[in-house]
Number of protein chains: 2
Amino acid sequence: MNFKVASFNINSIRARQEMLANWLTKNKPDVICLQETKVMDKDFPVEYFQEIGYNSLFKGQKSYNGVAILSPHPMTPIAGDLGDVAEPGEARLIAAMVKDIPVVNTYVPQGQAPDSEKFAYKLAWLKALRDYFARNFSPDQPLLWMGDFNVAPEPIDVHDPKRLLGHVGFHPEEHKVLNYVKEWGFQDVFRKHQPEGGHFTFWDYRIRQGLVRNLGWRIDHIWATAPLAEKSTNAWIDIEPRRLAKPSDHTFILAEFALSAN
Amino acid sequence: MNFKVASFNINSIRARQEMLANWLTKNKPDVICLQETKVMDKDFPVEYFQEIGYNSLFKGQKSYNGVAILSPHPMTPIAGDLGDVAEPGEARLIAAMVKDIPVVNTYVPQGQAPDSEKFAYKLAWLKALRDYFARNFSPDQPLLWMGDFNVAPEPIDVHDPKRLLGHVGFHPEEHKVLNYVKEWGFQDVFRKHQPEGGHFTFWDYRIRQGLVRNLGWRIDHIWATAPLAEKSTNAWIDIEPRRLAKPSDHTFILAEFALSAN
DNA sequence: GTCGACAAGG
DNA sequence: CCTTGTCGAC
């Protein structure tokens, strides 16, 4: 079977639930990971997405963060968290079994500024995430890690690597710890299919005409363990939704896998 | 020629400029009076309505009030104000010549509560309005007065006249002063064509299901001096826009006149 | 630029 | 219920 997955930092699911429904109806992914839903669980629009055939799993909080996984297939929640490192109440990680594939969706802390407490927290959070993977999964088994990583891994993943090196999101310390997680056993599925640079998933609202000038960052990712990554057939970014009236500052990243059974 | 006029308390022209453009394109009035535009003059979407063939005259302020007249025809502003009575800076009155007809658009103060200062202000404001008409116009000449009067004139203009008598918007003092203005020389054009009750232009947002239960008020009006009123051919309320996703709490009131020349 | 929270006004 | 301005976050 073909298995189509997507990730999208939606920057408020309530402000953009209609655009998401339109996109799902058109693109029909088997699973989509959402970040920055910015909604408490009691207010998540479950029925709204149920009506278009999507089930929802979500972990939210007031105002900030919030993650969700939507799928037309049955989903089983996967328990587990980052332990002491993560601030309690922060909704940044959710995981589910979908079609026998474990899917982990993260909204990695943004990090504010390299000299800030929040930056240290971001590094510690990513470090703890490797331990989370090691505790709960195996690199020899299929596993999907998707979401807003808030890190552009390589120079070709930002529009001006010289100027931006050392900024939050493209900092050597971030690269070090992201590689530390990667070494546990992940491959960058998008990079496998799109080796050239200039493909971005995020354009800062505050940079005028950032999209048409392509002044973006590739900070949203689809990573997989080797046994799954080798089954990927394609990966791409859909920038059309960024041309809509009230777009998110991020856009959709997608990948497809050719799965054997089921 | 047929002369079609409309009035609408839009409750923010920025929040509803698209719905207004749709309505204008469909209904093609020769003039529309808007209240509660809630936008400063520098931010009024002139070009947006120019693109669909409507010219704009407007008087706005920050956050509150704001009036505008839109027309596909050339418009000449008519100077004049209420003098000392009106609070300076309050954008509640605007007037223009359209096709040789003087059009006065008012957003009468709401009045808050009968025992409040604001209620006394409302009464004084309406009294000063008669003086404004007397100073600037003649009851023997065509004149249109349209807008949100914030008064339901008769028992058939509120859904529960017994209970509501004495409330703001249906208070004997308001009826007295509104009649004082009317006696200068106005006729209620809507009432002429729709003698029966139960036709409303406003439903309080805070009354749940107010529209379907028809718990409304007729507080938006189209009044004219005798020489113009006798040329009116029809008047009606369009409640369709109140069924949209983000409706105003008011809706459109319209009238048509058969004018001799031009 | 755009979001959510909040408080004030209707 | 809905909009506005202000605020903090990203």
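FYI, side chains are in, hydrogens and waters are out, and symmetry mates aren't considered; it's all heavy atoms of this structure. Each chain gets a letter, A, B and so on, in the order its sequence line appears, and its residues count up from 1. For clarity, every value in this text was computed on a predicted model and none was experimentally measured.
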Can you tell me if [X] touches the phosphate of [N], counting only side-chain N or O atoms and a distance under 4.0 Å to OP1 or OP2?
X	N	answer
Lys118(A)	dC10(D)	yes
Lys246(A)	dC3(C)	yes
Gln112(A)	dA9(D)	no

Spacing between [X] atom [atom1] and [N] atom [atom2], to the nearest angstrom:
X	N	atom1	atom2	answer
Ile10(A)	dG4(C)	CD1	C1'	15 Å
Glu90(A)	dC10(D)	CD	P	9 Å
Asn150(A)	dC10(D)	CG	C1'	9 Å
Ile13(A)	dT2(C)	CD1	C1'	17 Å
Gln35(A)	dA9(D)	CD	C1'	17 Å
Glu87(A)	dA9(D)	CD	P	13 Å
Leu244(A)	dG1(C)	CG	P	18 Å
Asp204(B)	dT3(D)	CG	P	14 Å

From dA5(C), dT3(D), dC10(D), pick the nucleotide closest to the side chain of Arg14(A)?
->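 Nearest listed nucleotide: dA5(C).
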Nucleotide nearest Arg208(A) when distance is taken to its side chain, options dC3(C), dT3(D), dG1(C) =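 In terms of side-chain proximity for Arg208(A), the closest of dC3(C), dT3(D), dG1(C) is dG1(C).
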For DNA chain C, find the residues of residues 57-66 of chain A with a heavy-atom distance under 4.0 Å and give them by number; none if there aren't any.
->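 Those residues whose heavy atoms fall under 4.0 Å from DNA chain C, taken from residues 57-66 of chain A in numerical order, are Lys62(A), Ser63(A).
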Check: [X] side chain, [Y] main-chain N or O, donor-acceptor pair, under 3.5 Å:
X	Y	result
Glu36(A)	Lys38(A)	no
Ser248(A)	His250(A)	yes
Arg92(A)	Tyr107(A)	yes

Determine the contact category for Glu36(B): base if any of its heavy atoms lies under 4.0 Å from a base atom, sugar-phosphate if only primed atoms, P, OP1 or OP2 are that close, otherwise nothing.
->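 Here Glu36(B) touches no strand at all.
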Rounded to the nearest 0.5 Å, what separation is found between the CG atom of Leu34(B) and the CD1 atom of Ile10(B)?
->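 It comes to 5.0 Å.
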Just how far is it from atom CZ of Phe44(B) to atom CG of Leu70(B), taken to the nearest 0.5 Å?
->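 Between Phe44(B) CZ and Leu70(B) CG, I get 5.0 Å after rounding to 0.5 Å.
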Does a side-chain N-to-carboxylate-O contact under 4.0 Å join Asp188(B) and Arg218(B)?
->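 Yes, charged N to carboxylate O under 4.0 Å.
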DNA chain C: Arg16(A) or Tyr205(B), which has the more 5' nearest nucleotide?
->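 It is Arg16(A), whose closest nucleotide lies nearer the 5' terminus.
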Phe252(A) and Arg242(A), any side-chain heavy atoms less than 4.5 Å apart =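 No, side chains not in contact.
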